[in-house]
**Student:** 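Take a look at the following structure, please.
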Amino acid sequence: MSDESTSAPNFIRTQVREDLEAGRNETVVTRFPPEPNGFLHIGHAKSICLNFGLAEQFGGRCNLRFDDTNPVSEEQVYIDSIREDVTWLGFQWAGEVRFASNYFAQLHDWACHLIRQGDAYVDDLNAEEIREYRGTLTEPGRPSPWRDRSPEENLALFERMRNGEFAEGEKVLRAKIDMASPNINLRDPVIYRIRHASHHQSGEQWKIYPSYDFAHGQSDALEGVTHSICTLEFEDHRPLYDWFLEHLPVPGRPRQYEFARLNLSYTVTSKRKLRMLVERGIVDGWDDPRMPTIAGLRRRGYTPASIRHFCDMIGVTRADSLVDIQMLYHAIRSDLEDNAPRAMCVLKPLKVVLTNVPDEHEEVFEVAGHPARSDMGTRQLPLTREIWIDTDDFMEEPPKKYFRLAPGREVRLRNAYVIRCDEVIRDAQGEVSELHCSVDFETLGKNPEGRKVKGVIHWVSAAHAIPVEVRNYDNLFQVEQPDRDRDVDFLEHLNEGSLEVVHAWGEPALADVSPESRYQFERVGYFCADRHDTRPERPVFNRTVSLKDSWAKAQKRQGS
RNA sequence: UGGGGUAUAGCCAAGUGGUAAGGCACCGGUUUCUGGUACCGGUAUUCCCAGGUUCGAAUCCUGGUACCCCAGCCA
């Protein structure tokens, strides 16, 4: 990583450091273990940064392991997208990609081991019966009538399960722990179930699949993972995680640590809900720029560094929280402020005729690509008699402190001259259709004599402007916590105005942008050429985030 | 009502017995050919509440309160 890992301390980092210093571990090994049943989102980025970050900081390693124990919900496309997203974020996993399914044979052996020890049994109860026998949060469960089968019988039955002799749901293998445990996860958890399904990695090889609990810790142990980091909802599973490691001849002793998952205001971070948005066509796919997926953020224009910076800012704790989306905006603005070249683009065009510029006049300015970075070079900016300015930069009856254009007032055309508005032209409906202005040719690179012109506006030569499709994105939801209320569907909170497409006029330098290149459209915001839809001469720009606008804020404050 | 967790500013979050870091947001100001950026300054007598221990408590003790997670053959 190129960024200076200032990385604030957090309890997991502290734990790792202590373990290393105390000699409990020689090196740190972590893993990022997604299930390939959806695209990665910003919450996963937090986990990725944590796991890979730890390995990086302490000179250890981090595996990418797909937790693929449930073939019915997983697909190859998700594996591909996840690999791409992790790589794009700037991380490199140790060695080859791993799969829990790589360990199915070993896991099966260990299941047999448990049976032989008398620690697991085949249960004939169906799903509903198992639920009934499990008891409730306040009442203990009861043992299954099949709980005391002999190891021999269990082994034989389990073998037949494996051979596909039973229907799905007919039998399961359960760990024999404690049906009266106050921790429900310890009430004889199901560790193998029958699935007559084809698996994206192992094909038709297996008819039985291990549960998450039976696969995860052992996979960690097999990979030599030292610190197995997951989210808080798995905390109650830790005793089970430990139980398997203690009852099986595993080659390692990983420890599980839990942290709070990320909640971001104005978004949902649940794969289930994100999938719903995709499947119902509410968004354009998993990588729609409004999605909080890594792929969506990428398409929106976020940089890997900005996402890493964001993860750094929010910290890692065990407290539930709701992070203000402004933090994300800040992360990308601060990156692009330094690294995005500047351009001018008029989103809501208003024609201006410069009356003292001759028809055939064409003057080309060479202007900086970035105000503070000479390494970004320069661009050619032509000026002609007719130009486009933004509708918002003109007001017939300006409020006090408005220092853009108004009848009789002056303003500077960015990188060019100061102009004065002499006349307002109207169309048949009485709407302002164009402005007649005159140029003060004494103001190039210097302030006019005897008066100060405070306003600076962006503009584009009408004769040279290139058509640009601009997609202005806003939050997908209009409330801070769309899924806060259990009784109200989160889809009720959709923001109907989350996408506004506008046909803008861009300066000539924008004609041949490459997909995914990012610009600051001066005075407007940061934009990224859409990686799918941008064509030569026909750029399509996604608004990543607007520039801060203290004028708009002040106006709003006054208005309301 | 069982078990497991968490409470520090509007939002994140340091802090681990010695007198409340930092970031975001917000409010002022300076600079500015982006109402952007940068820079300067302001914003918790107080750490969920109530008692207690101590010269001294956000940190220790006791008792409360609020919120989150768990009853998939999902992960």
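The sequence lines fix the lettering, A, B, ..., with proteins before strands; numbering per chain opens at 1. None of the values given here were measured: they were computed from a predicted structure.
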**Student:** State whether the aromatic ring of A/Trp551 stacks on the base of B/G35, taking stacking to mean ring centres under 5.5 Å apart and ring planes under 30° to each other.
**Tutor:**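 Stacking between A/Trp551 and B/G35: present.
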**Student:** For A/Tyr192, which contact category applies under a 4.0 Å heavy-atom criterion: base, sugar-phosphate, or nothing?
**Tutor:** nothing
**Student:** Within the 4.0 Å heavy-atom criterion, would you say A/Arg187 contacts the bases, only the backbone, or no part of the nucleic acid?
**Tutor:** nothing
**Student:** Across the strands shown, which category fits A/Arg134 at heavy-atom distances under 4.0 angstrom: base, sugar-phosphate, nothing?
**Tutor:**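 A/Arg134: backbone/sugar contact only, no base atoms under 4.0 Å.
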**Student:** Rounded to whole angstrom, note down the P distance from B/A58 over to B/G18.
**Tutor:**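 Pairwise P distance, B/A58 against B/G18, rounds to 11 Å.
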**Student:** What contact category does A/Asn415 fall into here, base, sugar-phosphate, or nothing, at under 4.0 angstrom with non-hydrogen atoms?
**Tutor:** base
**Student:** Send over the distance from A/His330 NE2 to B/G22 P, rounded to a whole Å.
**Tutor:**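 It is 15 Å, rounded to the nearest whole Å.
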**Student:** Under 4.0 angstrom, heavy atoms only, what part of the nucleic acid is A/Thr317 near: base, sugar-phosphate, or nothing?
**Tutor:**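 Sugar-phosphate only.
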**Student:** Does the side chain of A/Lys553 get closer than 4.0 angstrom to OP1 or OP2 of B/A25 through an N or O atom?
**Tutor:**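 It does not, given that no N or O in the side chain of A/Lys553 lies less than 4.0 Å from OP1 or OP2 of B/A25.
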**Student:** Quick one: the side chain of A/Arg333 and the base of B/U37, do they pair up donor-acceptor inside 3.5 Å?
**Tutor:** no
**Student:** Distance only, no hydrogens: is a donor on one side chain within 3.5 Å (strictly under) of an acceptor on the other, for A/Gln326 and A/Asp324?
**Tutor:**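 Note: A/Gln326 and A/Asp324 side chains miss the donor-acceptor criterion.
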**Student:** So how far is it from A/His108 NE2 to A/Phe158 CZ, rounded to the nearest 0.5 Å?
**Tutor:** 4.5 Å
**Student:** Rounding to an integer number of angstrom, what distance separates B/C60 and B/A7 when you compare their P atoms?
**Tutor:**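 One P to the other, the span is 12 Å.
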**Student:** What's A/Pro371 touching, base or sugar-phosphate or nothing? Going by heavy atoms closer than 4.0 Å.
**Tutor:**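 Base contact.
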**Student:** In whole angstroms, how far is the P atom of B/C33 from the OH atom of A/Tyr417?
**Tutor:**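 One finds 18 Å between P of B/C33 and OH of A/Tyr417, rounded.
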**Student:** Which whole-number value in Å describes the distance from A/Tyr209 OH to B/C73 C1'?
**Tutor:**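 Atom-to-atom, A/Tyr209 to B/C73, this comes out as 14 Å.
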**Student:** Using whole Å, what does the distance between atom C1' of nucleotide B/G72 and atom CG of A/Leu125 come to?
**Tutor:** 15 Å
**Student:** Once you apply the 3.5 Å cut-off to both distances, tell me the Watson-Crick or G-U wobble partner of B/A7, or none.
**Tutor:** B/U65
**Student:** In terms of ring plane angle, is the pair A/Phe39 and A/Trp286 parallel, tilted or perpendicular, where the classes change at 30° and 60°?
**Tutor:** parallel
**Student:** Rounded to whole Å, how long is the line connecting atom CG of A/Asp324 with atom C1' of B/G23?
**Tutor:**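 The answer, rounded to whole Å, is 12 Å.
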**Student:** Tell me whether the side-chain N or O atoms of A/Arg404 pair up with the base of B/G35 as donor and acceptor below 3.5 Å, since no angle test is needed here.
**Tutor:** yes
**Student:** Tell me, please, whether A/Tyr209 has A/Arg195 positioned over its six-membered ring: NZ or CZ under 6.0 Å from the ring centre and within 45 degrees of its axis?
**Tutor:**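 No, cation not above the ring by the 6.0 Å, 45° rule.
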**Student:** Taking for each residue the nucleotide of RNA chain B bearing the nearest heavy atom, is the 5' side occupied by A/Pro210 or by A/Ser321?
**Tutor:**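 Of the two residues, A/Ser321 wins.
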**Student:** Which is true for A/Lys271 with a 4.0 Å heavy-atom rule: it touches a base, it touches only sugar-phosphate, or it touches nothing?
**Tutor:**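 If one applies the 4.0 Å heavy-atom cut-off, A/Lys271 turns out to touch nothing in the nucleic acid.
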**Student:** Regarding A/Ile314, tell me which of base, sugar-phosphate or nothing describes its non-hydrogen contacts under 4.0 Å with the strands shown.
**Tutor:** sugar-phosphate
**Student:** Given the structure, check if the side chain of A/Asp236 and the base of B/G3 hold any donor-acceptor pair shorter than 3.5 Å.
**Tutor:** yes
**Student:** Take the protein atom CG of A/Asp178 and the nucleotide atom C1' of B/A71, then report the distance between them rounded to whole Å.
**Tutor:** 15 Å
**Student:** Parallel, tilted or perpendicular: which fits the ring planes of A/Tyr212 and A/Phe234, with parallel below 30° and perpendicular above 60°?
**Tutor:**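 Judged by the thresholds at 30° and 60°, the geometry between A/Tyr212 and A/Phe234 is tilted.
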**Student:** Ignoring hydrogens and geometry beyond distance, is a side-chain donor-acceptor pair present between A/Asn37 and A/Lys271 at under 3.5 Å?
**Tutor:** yes
